[in-house]
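The structure appears below as structure tokens.
Given the structure is predicted, the values throughout are model-derived calculations rather than measurements.
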Amino acid sequence: MNFRKGAKVWVEDKHLAWVPAEITDCRGKQVQVQIGSGKTVLALPEKLFPRDADEEEEHGGVDDMTKLTYLNEPGVLYNLQRRYALNDIYTYTGSILIAVNPFTKLPHLYNVHMMEQYKGAPFGELSPHVFAVADVSYRAMMNEGRSQSILVSGESGAGKTETTKLIMQYLTFVGGRAAGDDRTVEQQVLESNPLLEAFGNARTVRNDNSSRFGKFVEIQFDANGRISGAAVRTYLLERSRVVQITDPERNYHCFYQLCASGKDAEKYKLGHPSHFHYLNQSKTYDLEGVSNAEEYMKTRRAMDIVGIGHEEQEAIFRTLAAILHLGNVEFSPGREHDSSVVKDQKSTFHMQMAADLFRCDVILLLATLCTRTIQTREGSIVKALDCNAAVASRDALAKTVYARLVDKINISVGQDPNSRVQIGVLDIYGFECFKHNSFEQFCINFANEKLQQHFNEHVFKMEQDEYKKEEINWSYIEFIDNQDVLDLIEKVTYQTDSFLDKNRDYVVVEHCNLLASSKCPFVAGLFPSPPEESSRSSYKFSSVATRFKQQLQALMETLNSTEPHYIRCVKPNSSNRPQKFENLSILHQLRCGGVLEAVRISLAGYPTRRTYSEFVDRFGFLAPEFMDTSYDEKRLTEKILQKLNLQNFQLGRTKVFLRAGQIGVLDSRRAEVLDMAAKRIQHRLRTFIAHRKFISARVAAIALQAYCRGCLARKMFAARREAAAAVCLQKYVRRWLLRHAYLKLISAAVCIQSNIRGFSTRLKFLHGKKHRAASVIQAHWRLCRFRSAFHNYKKSIIALQCRWRQKLAKRELRRLKQEANEAGALRLAKSKLEKQLEDLTWRLHLEKRMRVSNEDAKSVEISKLQKAFESLKLELDAAKLATISECNKNVVLQNQLELSRKEKSALEKEFTMIAEMRKENASLKSSLDTLEKKNSALELELKKALKDANDTVEKLQELEQKNSELQNNMQSLEEKLSHLEDENHVLRQKALTPSPKSNRSNFLKSFSDKYGGMLNLPLNDQKQESPTPSKLIVPFSHSMSESRRPKLTAERQQENYEFLSRCIKENLGFHNGKPLAACIIYKCLHHWHSFESERTAIFDYIIEGINDVLKVGAENETLPYWLSNTSALLCLLQKNLRSNGFLSAGTQRSGGNTGLPGRGLKSPFKYLGFEDGMSHIDARYPAILFKQQLTACVEKIFGLIRDNIKKELSPLLALCIQVPKNARMLAGKSRSPGRLPQQSPSSQWDSIIKFLNSLMDRLRENHLITQVFSFINMSLFNSLLLRRECCSFSNGEYVKSGLAELEKWIGNATEEFAGTSWHELNYIRQAVGFLVIHQKRKKSLDEISNDLCPVLTIRQIYRISTMYWDDKYGTQSVVAEMREMLNKDNQYLASNSFLLDDDLSIPFSTEDIDIAIPAIDPSDIELPAILSEYSCAQFLMQNQK
């Protein structure tokens, strides 16, 4: 490729692999380039790779390597680096997924919500993810019926094991089945991972949890796509690690877990790992952040879930303990030549423990370790082994037992022999190239070569499939094999020491025979009886390489029979630290992992492919004359390429395919056009700058002249001002000299005068001082004389006062004790009075209830003869009686209050007596003037005591007030308790009430024969009786036999049911805004007194009838109709029914709950705007159950309507999240900042507006409209965060215009119906607003999170910033500050998901319906003509007349 000056290129660097540079000069065959640090170097053109400068502006990189303008090695490396810096660890290369280990937890990428997003999503539509690869394999298996395989590879520490776990986790999510126990197949699959890690993983130099074997997990599925079984195959287990490890590596995890198991370790005579030879060869016993004891419990739990029984678990860990004890057995030379014996007592103990744990004979175990039997024609020859051979035999036994133990555990996962399809997950090691490479590296690299060959063939097949899909000619493209990669195995240097020993896999027959005869069935099962052979040696030799080759061949056959999917795991650095990217190491992994090989295969064909819209957006201005002629992007692409005289390109169905280098030609031509445009801009800019310089120079000259003239004028003015100042200065100096002489003369005269006056004053002062001293001496003498006399008098007075105070204190103490005793007696009397008051209140309530029941019985008999007016009068009388009872209670309370007042007056009298005593004491104290102060002190003390007494009285009053408040609270709690008991009894009656049978006609007939009196009962035949707990538990048949209500005929009941069925099945419509069906059903139930029946099945009949209509009828018509009817019926029940069951019985326990339970309440319809003579209905238990069932029915209908709306709305939202292609082309024609494209909402947004208009015609409910907009917000916001092509500037403008249309619609709908719908769109509105703001990098995080996007979380803003790309102005986003904050907060966040959840809750309650629906008068309705033929509905016709 020819490079020109100023071209952007990649240049090779020995430290960073590749660095960006710019060509500054061409010198012969070499070019001079300048790298980012400013250094200039010479390089050959063939060693440079072109670089697209526009891609550097995309801060987040591209999610698919095939989207790179230049698909080359440095471009791939740099793209991975940019994405890794933003924690985007997954990147596609076609269908290959590259996963870079983040070395930190990213829980928001792997939660259940994220799995739901990728479930069924087309590949490539969402951001790259391991779930996407797993979903593609699962969908391909279900659609094509062909088994799939997912190949996970990478070096140690790259995250292969974790990636495999995530794949299995997703497959169990999409293919799992719900089950009650803990041993479902999907759980067995998931728990097989920690089990295999415990027995197959160990710490190495590079990784703390390195898999020391390759595993292929086959997850088997049934015909319905559910997991039915699993199988695990392992390859090349590192058996030598059991007996030999190096520092700082570790043995397999299971040994350390067993040593930390506590009681189990004591049972097997185990201790710290440093006590065992197989573990103490390395000084590393623990891993950072890992508890061996906890891991042991996890392994045991995994065994339980996988299906390993308790006895088998014990056998497994007993075998592991036996291996550890076996490793501590040491040998010393025996008496005979080349023989060996156990070294010491310690070795003998471990030998005995190993034999006990293996359940075999210790003598035979020792013989198998120290001797060998050789079979000859003459017989068997026993050969003794020296110490080294015995140790080798010991280690061979340990390796054989452990290898067979691991194979046994792999078979424990349940398999499904009937499964025809499966998904295999291959977790295998990548290429290994160490300082010292041995036999294991040879086998590993050989396996990777086979897999790389399979990978190359698959990549070439994908290229062919892509060309076939686009219908272009591809027959001349040659397949590129992996010969260059095959040479890698030859270039690696292998250390051949012990190469043959490691390849030799011999089994000692004596070992097999010994353990096959073990008394432990599990150990014996590890060594089945071998076939009889005529071998002369006790060694059975086999080749590890041969066995590994056979396993590898079987694996390749399995992979060839499946559809492969590839995941390449990359380890970013060798120190296992997050946010550290080592270019050389990663480049080596990309080369070994086949990623760059896939790039090389792509380069052989058409490596550059662009969709027509992308091609036109990038290169359309190269042929501006074609842009306005047609909107056919394919035709425009062809014209542009023909204009540039490019050959060998292919035009597919949706993409244009370019050969290698052609994109460089296009970019070169594009750069030339942009350079010419830049030169024109620079020409105009230089002209403008020169003109501006001339203007500024002229202005400067004028300013300079003015300054010079000003300087001359200022100099002349300064000279004149100095002359005037000199004259003024002379004047002030002369005045100062004269004033100074005058002041000096005055000060001398004043000094003489002051000295004379001071002398005379001092003489007077000394005379006065002597006079005062004589007076003081006299005063002190008189004071001393009178003080001695006063002290003698004071002592006598104090003695008298002490006697008197002692007498007063004793008297006061006796009085206080007496008052305290009297206060305690008052409290006891008060408590007794309260108890008597409670007893009297209870008796009053009991008498009141008996009186009420008697009056109710009388009122029922009188109601047979009197009219409705007299019944209302009786209710008024009952209300008066209630008032009188309240008055009686008030009188009792007033009496108590009078008693309290009397007590208070007694206390006041005592206080007055105390006041009189205080006066007497004051009169006594007044006689002693010298003790006035002491008496006042006593008075203060007495006032303090009085204050304490007053405080005590106030506290008693406060306690009484709190006592009354507690009684009120207790009353309210007892009322709530009574309501809860009502609900509880309702549920009991629900269990006793028989449900209607499917055959309604037979049921109605039998029911009418038994309980005909339960329905259609007239009011004058009812006996109102207050239910009591004793009556409620009477058997149903007995209560019916004692009922005096007449029984209705079966025909009458049948007609009632038919009438209700007709009302439910027919669409009766509305009358004056009232749903007729709800009003008619309510009137019938009220007229038939069904609400007051103890047992009835009519409510279940109504609910089942409504459910049947919902199943049969059209959803768009039936659901809104019945939502209105059920809501209206529920509102009528809420306003007119009251629970009477246990409410009256429960009030017996409440001392403060008064009033008549059954009568005396005025009709609530009076307050709703009408009064039809109906009062609150005492609802029985079936009626309360019917109200609960009706509430559930309303919620069910609401949920069905909401789900149907979401189904209709989802496809419309999927089209509205991204701007259409024609809109993008219109936007592409005006890219200047001064000319913004005038975008109008497309037909997709118009379709949403039409849908909302039709929805408004069907439903006029505020809550439902609000949830629809909540769903719109959730869908658009999640799509925005999961699809990078949606996070562009132009797409944000498009979505913002659509949201403006929704805002307009909400404004037209008014708040009555739309409610808070506009606020439900807060997330998508703020996200789109953040996309379309300019200069995001100048906004601080506080401004973004507090002002621009206050609703969004930091993680959501960070996600938008990383996904954002400006396709219009080329600006960048800001992510650095947010990344630091997220790294700090990751460990404290329980859930890091940035997606929104769908709200499936019911946003209203029964009380909300009661408040929202206006008052409904069921009496003011017209009966439809189709219902007038029923005789049971004649009362409705009469009311209508």
Side-chain angles (χ1 to χ4, degrees), residues 60-64 79-92 96-121 123-138 150 152 154 158-174 190 193 425 565 567-572 576 578-579 581 1274 1277-1284 1286-1287 1352-1364 1375 1378-1397:
V62 296
D63 55 3
D64 194 340
N79 187 63
L80 288 178
Q81 182 179 1
R82 284 185 294 176
R83 292 181 61 80
Y84 182 74
L86 301 177
N87 278 337
D88 290 335
I89 61 175
Y90 296 112
T91 308
Y92 291 134
I96 305 167
L97 179 67
I98 302 175
V100 185
N101 193 341
F103 289 118
T104 187
K105 294 182 179 180
L106 302 174
H108 65 281
L109 293 181
Y110 309 111
N111 50 23
V112 177
H113 190 69
M114 187 65 73
M115 289 191 282
E116 291 176 352
Q117 295 294 326
Y118 281 89
K119 183 178 180 180
F123 186 79
E125 179 177 326
L126 303 179
S127 300
H129 204 286
V130 66
F131 291 159
V133 178
D135 186 77
V136 166
S137 64
Y138 180 78
I150 303 176
V152 184
K160 300 186 299 299
T161 303
E162 292 298 324
T163 303
T164 304
K165 291 180 184 178
L166 294 173
I167 294 172
M168 297 172 69
Q169 177 184 352
Y170 183 83
L171 293 178
T172 56
F173 171 76
V174 296
L190 289 178
N193 280 312
V425 182
H565 305 271
I567 299 178
R568 292 296 190 248
C569 297
V570 177
K571 184 178 182 180
N576 299 346
Q579 294 297 328
F581 199 84
M1274 183 271 300
F1277 187 77
N1278 289 349
S1279 300
L1280 192 72
L1281 296 190
L1282 290 174
R1283 299 170 60 181
R1284 188 172 184 270
C1286 299
C1287 287
L1352 305 185
T1353 63
I1354 297 297
R1355 183 163 296 282
Q1356 291 169 344
I1357 300 173
Y1358 176 75
R1359 178 70 177 183
I1360 296 174
S1361 300
T1362 56
M1363 300 282 285
Y1364 171 76
V1375 294
M1378 284 179 283
R1379 188 190 311 128
E1380 296 177 359
M1381 181 175 294
L1382 287 178
N1383 291 334
K1384 295 179 180 178
D1385 295 342
N1386 267 340
Q1387 55 185 346
Y1388 303 108
L1389 296 178
S1391 177
N1392 294 336
S1393 178
F1394 48 76
L1395 303 178
L1396 298 179
D1397 295 329

Taking all non-hydrogen atoms of both residues, which atom of [X] and which atom of [Y] are closest, and how far apart?
X      : Y      : value
Ser127 : Tyr92  : O-OH, 4.1 Å
His108 : Met114 : O-CE, 3.5 Å
Ile150 : Ser137 : CD1-OG, 3.6 Å
Tyr118 : Ala132 : CD2-CB, 3.9 Å
Pro578 : Thr104 : CB-CB, 4.3 Å
Ala99  : Tyr90  : CB-CE2, 3.5 Å

Only one of Met115, Gln117, Lys119 passes side chain to side chain contact (heavy atoms under 4.5 Å, CB included) with Phe131, and that residue is Met115
Side chain to side chain contact (heavy atoms under 4.5 Å, CB included) test vs Cys569 passes for just one of Ile89, Leu97, Thr163, namely Thr163
Got [X] and [Y] here, is their nearest side-chain heavy-atom distance under 4.5 Å?
X       : Y       : answer
Leu109  : Asn87   : no
Gln1356 : Arg1359 : no
Arg83   : Val62   : no

Next on the checklist: Using side-chain contact (heavy atoms from CB on, under 4.5 Å), reason through Val152 and Lys160 one step at a time and then give a plain yes or no.
Outcome noted: CA-CA 6 Å; Val152 184; Lys160 300 186 299 299; 4.1 Å; yes
Just how far is it from atom [atom1] of [X] to atom [atom2] of [Y], taken to the nearest 0.5 Å?
X      : Y      : atom1 : atom2 : value
Asn101 : Lys571 : CG    : NZ    : 8.5 Å
Leu166 : Phe173 : CG    : CZ    : 14.0 Å
Leu106 : Asn111 : CG    : CG    : 11.5 Å
Ile167 : Thr172 : CD1   : OG1   : 12.0 Å

Next on the checklist: Test side-chain contact (heavy atoms from CB on, under 4.5 Å) on Thr91 and Asn79; report intermediate values, then the result.
Outcome noted: CA-CA 9 Å; Thr91 308; Asn79 187 63; 3.9 Å; yes
Less than 6.0 Å separating the ring centroids of Tyr138 and Tyr170?
no
>> Before we go on, tell me: are the rings of His129 and Tyr110 under 6.0 Å apart, centre to centre?
In response: yes
**Report entry** Check: Tyr1358 side chain, Leu86 main-chain N or O, donor-acceptor pair, under 3.5 Å
**Finding:** yes
